[in-house]
Amino acid sequence: MVKVAHVQLCSCCGCLVSLADTYEKLLDVLNSIELVYCQTLADAREIPECDIALVEGSVCLDDHHSLEVAQEVRKKAKIVVALGACAATGGVTRYCKGNQLSKPVHSSFSPLTEVIKVDLAIPGCPPSPEAIVGVITAALNGDMEYLQPYAELAEKGSEACGCDVIYKVVNKSLCMGCGTCAAACPTRAIEMLDGRPNVLKELCIKCGACSVQCPRIRFPELIEKIE
Ligand code: SF4
Ligand code: SF4
């Protein structure tokens with residue numbers, strides 16, 4: 001049985017709620033895994049050795065406990081998954097500037113992807129239930145092709161941006177105008193103009209959801225392989 005841990009850092013718990021929103025699919029997932037750690041749902045104090053750790057939330061660099069937990073997860077888990085925008089790319093915690101009671105010195109937050117080596121990152125605020133189940137199922141089956149965009153986002157971390165679909169797809173004449181990127185954007189930062197996406201930078205929270213969902217984002221890489 002595959003051992004899975006859910007770890008919460010600086011987050012709202014919405015990613016775990018999204019996992020629960022999979023309803024009957026959650027029961028299928030829970031039949032295939034052993035949930036060995038989840039402070040919201042199970043009474044285990046220490047993070048045990050596990051196969052997959054789903055980590056939600058960013059890391060407060062001014063909080064030694066937050067840093068220690070991130071390092072502990074890396075030691076204990078074979079596969080570390082940054083679950084949701086805060087862990088993957090920083091999310092709303094990128095806007096934190098400190099000076100709030102009761103910990104005014106807690107001012108710097110980094111996505112998990114910039115603090116430890118992360119294997120897969122699932123974007124979204126929260127990530128969709130389908131994406132979470134899809135990644136867990138693919139990880140259980142070793143489906144590396146399905147996981148590739150999530151592995152790429154884990155490497156990219158806070159560099160992710162709505163501009164990615166423009167540079168990598170539209171500017172290379174690969175966009176087919178399907179609108180998937182606009183549908184995936186949680187802040188409506190992408191509008192379709194004349195059948196092509198236009199990114200409204202002031203609305204983009206740099207979550208990476210648009211590029212992970214774009215069916216053509218990996219075309220340049222695939223073309224290189226063919227050549
Ligand atoms: S354009 Fe939207 S989906 Fe893409 S990175 Fe920005 S906020 Fe995320
Ligand atoms: S998802 Fe990709 S192919 Fe579809 S409209 Fe957006 S950039 Fe174009």
Side-chain angles (χ1 to χ4, degrees), residues 9-12 14-15 17-19 21 54-59 81-97 109-115 118 120-135 138 145-226:
L9 291 169
C10 306
S11 75
C12 66
C15 299
V17 172
S18 193
L19 172 61
D21 269 353
L54 303 170
V55 186
E56 68 169 88
S58 61
V59 180
V81 181
L83 177 62
C86 295
T89 62
V92 292
T93 63
R94 289 162 66 110
Y95 299 98
C96 182
K97 297 204 168 26
F109 293 77
S110 274
L112 187 70
T113 45
E114 291 189 354
V115 176
V118 169
L120 302 166
I122 309 177
C125 184
S128 73
E130 293 76 16
I132 301 173
V133 169
V135 168
E145 194 177 338
Y146 180 92
L147 295 174
Q148 186 62 28
Y150 300 97
E152 283 169 10
L153 183 62
E155 279 182 19
K156 203 169 168 55
S158 63
E159 288 173 28
C161 178
C163 301
D164 293 340
V165 288
I166 304 300
Y167 294 144
K168 290 189 171 181
V169 185
V170 178
N171 288 0
K172 295 192 175 177
S173 302
L174 293 170
C175 177
M176 60 180 172
C178 65
T180 305
C181 51
C185 179
T187 60
R188 298 190 181 172
I190 298 182
E191 57 183 4
M192 297 300 288
L193 285 181
D194 297 326
R196 296 289 178 264
N198 179 48
V199 178
L200 305 169
K201 287 184 186 166
E202 66 279 11
L203 293 180
C204 174
I205 57 168
K206 300 180 184 294
C207 70
C210 51
S211 49
V212 165
Q213 294 295 331
C214 172
R216 297 222 155 167
I217 197 89
R218 291 188 59 230
F219 264 43
E221 193 186 309
L222 295 173
I223 290 167
E224 258 177 42
K225 273 189 195 166
I226 293 166

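Reckoned from all heavy atoms, side chains included, excluding hydrogens, waters and symmetry mates. One-based numbering, in listed order, for ligands and for the atoms of each.
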Asks: Among all protein heavy atoms, pick the one closest to atom 3 (S) of ligand 1 and tell me residue, atom and distance.
Replies: Cys210 N, 3.4 Å
Asks: For Thr180, counting its heavy atoms only, list the atoms of ligand 2 lying under 4.0 Å from any of them.
Replies: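 Near Thr180, the atoms of ligand 2 are 1 (S).
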Asks: Give a yes or no answer on whether the side chain of Thr187 reaches the backbone of Leu203 with a donor-acceptor pair at less than 3.5 Å.
Replies: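 Yes, because the side chain of Thr187 sits within donor-acceptor range (under 3.5 Å) of the backbone of Leu203.
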Asks: Is the backbone N or O of Pro111 less than 3.5 Å from a side-chain atom of Arg94, with the two atoms forming a donor-acceptor pair by type?
Replies: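 Not at all, since once roles are kept as given, no pair shorter than 3.5 Å links the two residues.
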Asks: Roughly how far, to the nearest 0.5 Å, is the NZ atom of Lys156 from the SG atom of Cys161?
Replies: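 Cys161 SG to Lys156 NZ: 8.0 Å, rounded to 0.5 Å.
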Asks: Any N/O/S atom, backbone or side chain, of Cys181 lying under 2.8 Å from atom 2 (Fe) of ligand 1?
Replies: no
Asks: Return yes when atom CD of Glu202 has more than 12 non-hydrogen atoms of other residues, nucleotides or ligands closer than 6.0 Å, and no otherwise.
Replies: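 Buried by this count: over 12 neighbours within 6.0 Å.
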Asks: Any atoms of ligand 1 less than 4.0 Å from a non-hydrogen atom of Cys161? List them with their elements.
Replies: 5 (S)
Asks: Of all the non-hydrogen atoms in the protein, which one sits nearest to atom 7 (S) of ligand 1, and at what distance?
Replies: Ile205 N, 3.3 Å
Asks: Drop me the distance from Thr113's OG1 to Leu153's CG, to the nearest 0.5 angstrom.
Replies: 7.5 Å
Asks: Quick one: which ligand 2 atoms are inside 4.0 Å of a heavy atom on Gly177?
Replies: 5 (S), 8 (Fe)
Asks: So is Gly208 touching ligand 1 or not, going by heavy atoms under 4.0 Å?
Replies: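 In this structure, Gly208 qualifies as a contact of ligand 1 - some heavy atom is under 4.0 Å.
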Asks: Any salt bridge linking Glu159 with Lys206? Criterion: basic side-chain nitrogen under 4.0 Å from a carboxylate oxygen.
Replies: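 No, no charged N to carboxylate O under 4.0 Å.
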Asks: At a threshold of 2.8 Å, where the distance has to be below it, does atom 8 (Fe) of ligand 1 have an N, O or S atom of Cys207 nearby?
Replies: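 Yes - counting backbone and side chain alike, Cys207 has an N, O or S atom under 2.8 Å.
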Asks: Between the main-chain N or O of Leu174 and the side-chain N or O of Arg216, is there a donor-acceptor pair closer than 3.5 Å?
Replies: yes
Asks: Atom 2 (Fe) of ligand 1: which protein heavy atom is closest, and how many Å away?
Replies: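 Result for atom 2 (Fe) of ligand 1: Cys185 SG, 2.4 Å.
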Asks: Tell me, yes or no, whether the heavy-atom count around Tyr146 atom OH, taken from other residues, nucleotides or ligands under 6.0 Å, exceeds 12.
Replies: yes
Asks: So, applying side chain to side chain contact (heavy atoms under 4.5 Å, CB included) with Val81, which one of Ile132, Leu120, Leu147 is it?
Replies: Leu120
Asks: Output the distance between atom CD (Glu56) and atom SG (Cys12), rounded to the nearest 0.5 Å.
Replies: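 Separation between the atoms: 6.5 Å.
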Asks: Among all protein heavy atoms in this structure, tell me which lies nearest to atom 4 (Fe) of ligand 2, with the distance rounded to 0.1 Å.
Replies: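 The closest one turns out to be Cys178 SG, 2.3 Å.
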Asks: Please list the nearest protein heavy atom to atom 5 (S) of ligand 2 with its residue and the distance rounded to 0.1 Å.
Replies: Gly179 N, 3.2 Å
Asks: Answer with side chain, backbone, both or neither: which part of Ile190 has a heavy atom less than 4.0 angstrom from an atom of ligand 1?
Replies: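 It is the side chain that gets close, since no backbone atom is under 4.0 Å.
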Asks: Using a 4.0 Å cut-off to any heavy atom of Pro197, which atoms of ligand 2 qualify?
Replies: 7 (S)
Asks: Identify, by atom number and element, the atoms of ligand 2 in contact range of Met192, meaning under 4.0 Å from any of its heavy atoms.
Replies: 5 (S)
Asks: Under the side chain to side chain contact (heavy atoms under 4.5 Å, CB included) test against Pro127, which residue among Leu19, Ile122, Val135 passes?
Replies: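 Only match with Pro127 under side chain to side chain contact (heavy atoms under 4.5 Å, CB included): Ile122.
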Asks: Residue-level breakdown please: for Thr187 versus ligand 1, do any non-hydrogen atoms fall below 4.0 Å on the side chain, on the backbone, on both, or on neither?
Replies: side chain
Asks: Near Pro215, which atoms of ligand 2 are under 4.0 Å from a heavy atom of that residue?
Replies: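 Per the distance check, 1 (S).
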Asks: To which protein heavy atom is atom 6 (Fe) of ligand 1 closest, and what is the distance rounded to 0.1 Å?
Replies: Cys204 SG, 2.4 Å
Asks: Report the nearest protein non-hydrogen atom to atom 8 (Fe) of ligand 2: residue, atom name, distance rounded to 0.1 Å.
Replies: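 Going atom by atom, the protein heavy atom closest to atom 8 (Fe) of ligand 2 ends up being Cys175 SG, 2.3 Å.
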